[in-house]
**Student:** 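To start, I am sharing the structure in question, which I have written as structure tokens.
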2 protein chains.
Amino acid sequence: MTNDTRPTIADVARRAGVSKGLVSFALNGRAGVAAETRDRILAVAADMGFSPSLRARSLSVGRAFACGLVIGRSPDVIAADPFFPSFIAGVEDEFSISGQVLVLAAATPGRHEEDTYRGLVADRRVDGVILSDLRADDPRIALVAELGIAAVTLGVPDVASPFTSVSVDDGAGIRLAVDHLADLGHTDIAHVAGPAGMLHGRSRADAFERAAAARGIRSRVVATDFSAADGARATDALLDADIPPTAIVYSNDNMAIAGLGRAQRRGLIVPRDLSLTGFDDAEIGRHLFPALTSVATDARGWGAAAARALLAATTGAPAEARMLPDPRLIVRASTAAPRAGTQTA
Amino acid sequence: MTNDTRPTIADVARRAGVSKGLVSFALNGRAGVAAETRDRILAVAADMGFSPSLRARSLSVGRAFACGLVIGRSPDVIAADPFFPSFIAGVEDEFSISGQVLVLAAATPGRHEEDTYRGLVADRRVDGVILSDLRADDPRIALVAELGIAAVTLGVPDVASPFTSVSVDDGAGIRLAVDHLADLGHTDIAHVAGPAGMLHGRSRADAFERAAAARGIRSRVVATDFSAADGARATDALLDADIPPTAIVYSNDNMAIAGLGRAQRRGLIVPRDLSLTGFDDAEIGRHLFPALTSVATDARGWGAAAARALLAATTGAPAEARMLPDPRLIVRASTAAPRAGTQTA
DNA sequence: TTGTACGCGTTATCAA
DNA sequence: TTGATAACGCGTACAA
């Protein structure tokens with residue numbers, strides 16, 4: 001069909017005067033080929049510019065040499081999330097050197113998440129998938145296990161999982177934020193959390209409550225859907241309280257940015273009247289006024305680690321739980337000591 | 001290799017008592033199959049839950065049933081760009097219903113852009129690619145043409161191109177912004193542009209100058225690399241001028257947001273002392289204080305249109321130039337009439 | 001080391 | 001016109 005005149009393995013075999021099988025062995029560096037013969041075959045192959053057809057290989061070995069990432073969230077939410085592009089770049093850092101390719105699929109109006117996974121597997125388009133944005137009792141774990149492909153989860157699921165997990169201790173980041181604020185003298189801190197149904201949202205909220213308790217801080221938590229709009233709403237709700245908090249720890253940067261906007265609209269001066277911290281350390285945060293104090297995770301490193309783990313899993317490596325380095329707190333200008341007398345408990 | 005017990009076309013043929021070839025013909029609705037026989041074959045196939053192996057099909061017809069998108073920009077810049085996620089969602093809207101898949105590839109530290117395209121084609125992993133972020137004299141046009149795969153360009157290249165283009169008139173959006181500011185009474189407006197080497201950056205800048213001239217407005221343009229950091233720098237430079245502009249039109253939202261931060265840091269009140277407009281209408285913009293006036297394009301619709309065009313191109317449709325609806329200006333709180341007396345020309 | 005079957009559809013050729 | 005047969009795409013794996 002294609003007018004390809006790419007040399008095939010048969011061409012190489014003919015030119016080298018050996019059989020196809022031997023060429024395959026030589027190319028794959030397997031035993032059973034005399035050194036001299038192998039060198040000759042390799043020379044001929046190189047000379048002819050031969051490279052094996054991925055498609056034929058894919059058909060015969062039953063692998064796709066591709067992995068998938070299914071985006072479940074709406075594009076608006078993703079668009080606001082600095083995590084994915086960096087994460088994907090990290091995945092590519094690994095894939096590009098191992099000849100893998102990343103297949104991106106999105107649940108669309110006409111195709112639900114589960115169908116997306118099923119479709120990918122039905123067509124054998126991927127050897128494995130990256131499961132991100134883990135949810136409570138996430139049905140994808142069982143689904144992907146049933147479908148029989150490899151997977152890695154970003155974070156540790158709250159259900160039994162046969163897959164390798166690659167995690168960052170979000171909680172440690174939240175603790176850094178709380179401790180930072182406590183050190184500044186805050187005694188009444190709120191947390192604008194993600195949905196309880198999302199594991200990282202929940203773990204950040206849990207960590208917040210524990211860290212606040214450990215420092216004897218008055219704490220409250222309000223759940224959101226992680227969107228900027230909801231972050232703004234939550235901020236308003238908190239600031240409408242009889243005794244508003246003097247600091248707010250947000251579960252992501254978007255909400256923190258929206259919260260900052262909200263506070264400023266109300267005439268508050270940040271950080272004088274209210275301290276804010278974000279999570280993700282989005283590039284834009286450092287250009288706001290005031291620049292946003294935020295928790296930084298290495299999304300790119302995470303992507304690379306997940307890709308490595310997934311590659312290992314597709315070749316049969318046993319599942320394990322990997323931890324990445326803890327996030328760091330990048331202190332900027334959105335946090336300061338609370339105004340004296342602000343707090344009248 | 002795989003322990004698949006998926007029925008093959010041979011199984012269907014056996015069960016239906018016909019040959020493989022006939023099954024193929026029946027399935028693909030080709031002539032030469034008696035209606036009755038075809039119905040029987042189809043019934044058997046459906047009964048067995050047969051679906052053709054994409055891999056085998058791919059091998060025999062020489063198509064990948066996948067298209068690629070190569071990300072050339074650094075992840076930091078992409079992360080800040082709300083365009084891609086929405087665009088990709090739009091692409092998926094189309095691909096998901098036509099059984100195509102989107103392969104995402106990124107230039108990585110170890111692999112340059114050109115090699116990324118070459119790799120994708122060498123392995124025949126894609127039937128076509130989407131060329132985004134067109135540059136001046138973009139070498140990718142000739143490269144992809146040479147590689148012999150289909151493509152669509154986002155915007156019209158400034159070099160001869162054999163590919164379909166799918167474009168939005170950025171300039172119309174910029175004109176809306178300039179006219180809006182002029183209507184408010186601004187007579188000295190600056191443009192923080194993208195790099196001259198990027199076509200959409202350049203076309204926005206050109207449109208800006210034309211629109212300003214048409215309204216008799218004093219204009220100046222400063223080029224950036226599209227990053228927030230550069231947007232901040234450009235803003236500082238403009239505000240350091242002896243007679244700073246009373247309004248700034250930014251070529252994207254990130255720079256506008258960074259510019260807003262910069263202005264505020266200098267003690268300016270936006271929009272009282274300075275009006276700002278963005279481009280992209282990122283979700284976060286409406287939550288800033290003040291909410292950002294911005295030019296909105298339908299990124300998702302653009303993605304869907306590009307996907308449709310690419311699909312058509314892979315099946316041999318002739319190249320054409322498609323235009324999408326003009327962008328709209330979303331007026332929010334970052335623009336207002338200039339302060340009386342501010343401008344002493 | 002070689003020969004060959006195999007993975008699985010598609011399509012060209014040919015017979016009825 | 002309806003259908004069967006076989007070659008093809010290309011690499012891998014196993015028996016000989």
Side-chain angles (χ1 to χ4, degrees), chain A residues 1-42 44-45 48-65 99 121-125 127 315, chain B residues 1-42 44-45 48-65 99 121-125 127 315:
Chain A
M1 187 82 296
T2 41
N3 241 354
D4 258 327
T5 318
R6 286 186 14 158
T8 73
I9 197 171
D11 296 325
V12 176
R14 212 176 354 258
R15 270 270 290 267
V18 296
S19 69
K20 285 200 317 180
L22 202 59
V23 174
S24 178
F25 269 49
L27 253 28
N28 298 340
R30 305 235 305 244
V33 189
E36 194 198 340
T37 313
R38 188 190 54 231
D39 291 347
R40 183 160 44 89
I41 293 173
L42 260 31
V44 170
M48 300 179 76
F50 169 82
S51 79
S53 154
L54 191 98
R55 284 176 190 162
R57 226 151 79 86
S58 192
L59 179 62
S60 70
V61 304
R63 284 205 285 150
F65 304 102
V121 173
D123 287 345
R124 312 253 136 207
R125 302 209 81 141
D127 301 318
T315 58
Chain B
M1 188 80 297
T2 42
N3 241 353
D4 257 326
T5 317
R6 283 182 21 155
T8 72
I9 197 169
D11 296 326
V12 176
R14 213 175 353 257
R15 270 270 290 269
V18 296
S19 69
K20 284 199 318 179
L22 203 59
V23 174
S24 178
F25 272 48
L27 254 27
N28 296 340
R30 303 237 306 242
V33 188
E36 194 198 340
T37 313
R38 188 190 53 231
D39 291 347
R40 183 161 45 88
I41 292 174
L42 260 31
V44 170
M48 299 179 75
F50 169 80
S51 80
S53 154
L54 191 96
R55 285 176 190 164
R57 226 149 80 86
S58 193
L59 178 62
S60 70
V61 304
R63 284 206 285 150
F65 304 103
V121 173
D123 288 344
R124 313 253 136 206
R125 302 209 80 143
D127 301 319
T315 58

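Labels below follow one simple rule: chain letters A, B, ... track the order of the sequence lines, proteins then strands, and each chain is numbered from 1.
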**Student:** Please identify each residue that fulfils side-chain contact (heavy atoms from CB on, under 4.5 Å) with B:Leu22, with sequence neighbours left out.
**Tutor:** B:Val18, B:Ser19, B:Val33, B:Thr37, B:Ile41
**Student:** Does B:Ala34 or B:Ala56 map to a spot on DNA chain D nearer the 5' end, using the closest nucleotide for each?
**Tutor:** B:Ala34
**Student:** Between B:Asp123 and A:Phe65, is any pair of side-chain heavy atoms under 4.5 Å apart?
**Tutor:** no
**Student:** Looking only at side-chain atoms of B:Val61, point me to the closest of C:dT11, C:dC8, D:dG11.
**Tutor:** C:dT11
**Student:** Roughly, in whole Å, what's the span from CZ in B:Arg124 to C1' in D:dG9?
**Tutor:** 13 Å
**Student:** Mark yes or no for whether B:Arg124, through its side chain, and A:Leu54, through its backbone, hold a donor-acceptor pair below 3.5 Å.
**Tutor:** no
**Student:** Closest approach of A:Phe50 and A:Leu27, non-hydrogen atoms and distance?
**Tutor:** CE2-CD2, 3.3 Å
**Student:** At their closest point, which heavy atom of A:Val44 faces which heavy atom of A:Ala16, and how far apart are they?
**Tutor:** CG2-CB, 4.1 Å
**Student:** Please tell me if A:Arg57 has a side-chain N or O lying less than 4.0 Å from either OP1 or OP2 of D:dT12.
**Tutor:** yes
**Student:** How far apart are the closest heavy atoms of A:Ala64 and A:Ser58, and which atoms are they?
**Tutor:** CA-OG, 3.8 Å
**Student:** Output all residues satisfying side chain to side chain donor-acceptor pair (under 3.5 Å) with B:Arg38, sequence neighbours left out; order by chain, then residue number.
**Tutor:** none
**Student:** Tell me what B:Ala31 touches on the nucleic acid: a base, only sugar-phosphate, or nothing, going by heavy atoms under 4.0 Å.
**Tutor:** nothing
**Student:** Between D:dT12 atom C1' and B:Arg55 atom CZ, what is the distance in whole Å?
**Tutor:** 14 Å
**Student:** Rounded to the nearest Å, what distance is computed from the CZ atom of residue A:Phe65 to the P atom of nucleotide D:dC10?
**Tutor:** 16 Å
**Student:** What is the distance from CD of A:Glu36 to C1' of C:dT1, rounded to the nearest Å?
**Tutor:** 14 Å
**Student:** What is the distance from CG of B:Leu54 to C1' of D:dG9, rounded to the nearest Å?
**Tutor:** 15 Å
**Student:** Does any pair with a residue in residues 14-24 of chain A pass salt bridge (charged side-chain N to carboxylate O under 4.0 Å, His left out), and if so which ones, sequence neighbours excluded?
**Tutor:** A:Asp11-A:Arg14, A:Arg15-A:Asp47
**Student:** Can you pull every protein N or O that's under 3.5 Å from an N or O on nucleotides 14-16 of chain C?
**Tutor:**
none

**Student:** Rounding to an integer number of Å, can you tell me how far A:Leu59 CG sits from C:dC6 C1'?
**Tutor:** 9 Å
**Student:** At less than 4.0 Å, is any side-chain N or O atom of A:Thr37 found next to OP1 or OP2 of C:dT1? Yes or no.
**Tutor:** yes
**Student:** Could you check how far CG of A:Asn28 sits from C1' of D:dA13, rounded to whole Å?
**Tutor:** 11 Å
**Student:** Heavy-atom contacts under 4.0 Å between residues 18-27 of chain A and DNA chain C, which residues?
**Tutor:** A:Val18, A:Ser19, A:Leu22
**Student:** Touch check for A:Arg38, heavy atoms < 4.0 angstrom, all strands: base, sugar-phosphate only, or nothing?
**Tutor:** nothing
**Student:** Which whole-number value in Å describes the distance from A:Ile9 CD1 to C:dT2 C1'?
**Tutor:** 14 Å
**Student:** If only atom types and distance count, is the side chain of B:Arg63 paired as donor or acceptor with the main-chain N or O of B:Arg57 below 3.5 Å?
**Tutor:** no
**Student:** Using five base pairs at each end, measure the axis-to-axis angle across the helix from C:dT1-D:dA16 to C:dA16-D:dT1 and round it to 10 degrees.
**Tutor:** 60°
**Student:** Could you walk me through whether B:Arg6 and B:Ser51 pass side chain to side chain contact (heavy atoms under 4.5 Å, CB included), step by step?
**Tutor:** CA-CA 8 Å; B:Arg6 283 182 21 155; B:Ser51 80; 4.0 Å; yes
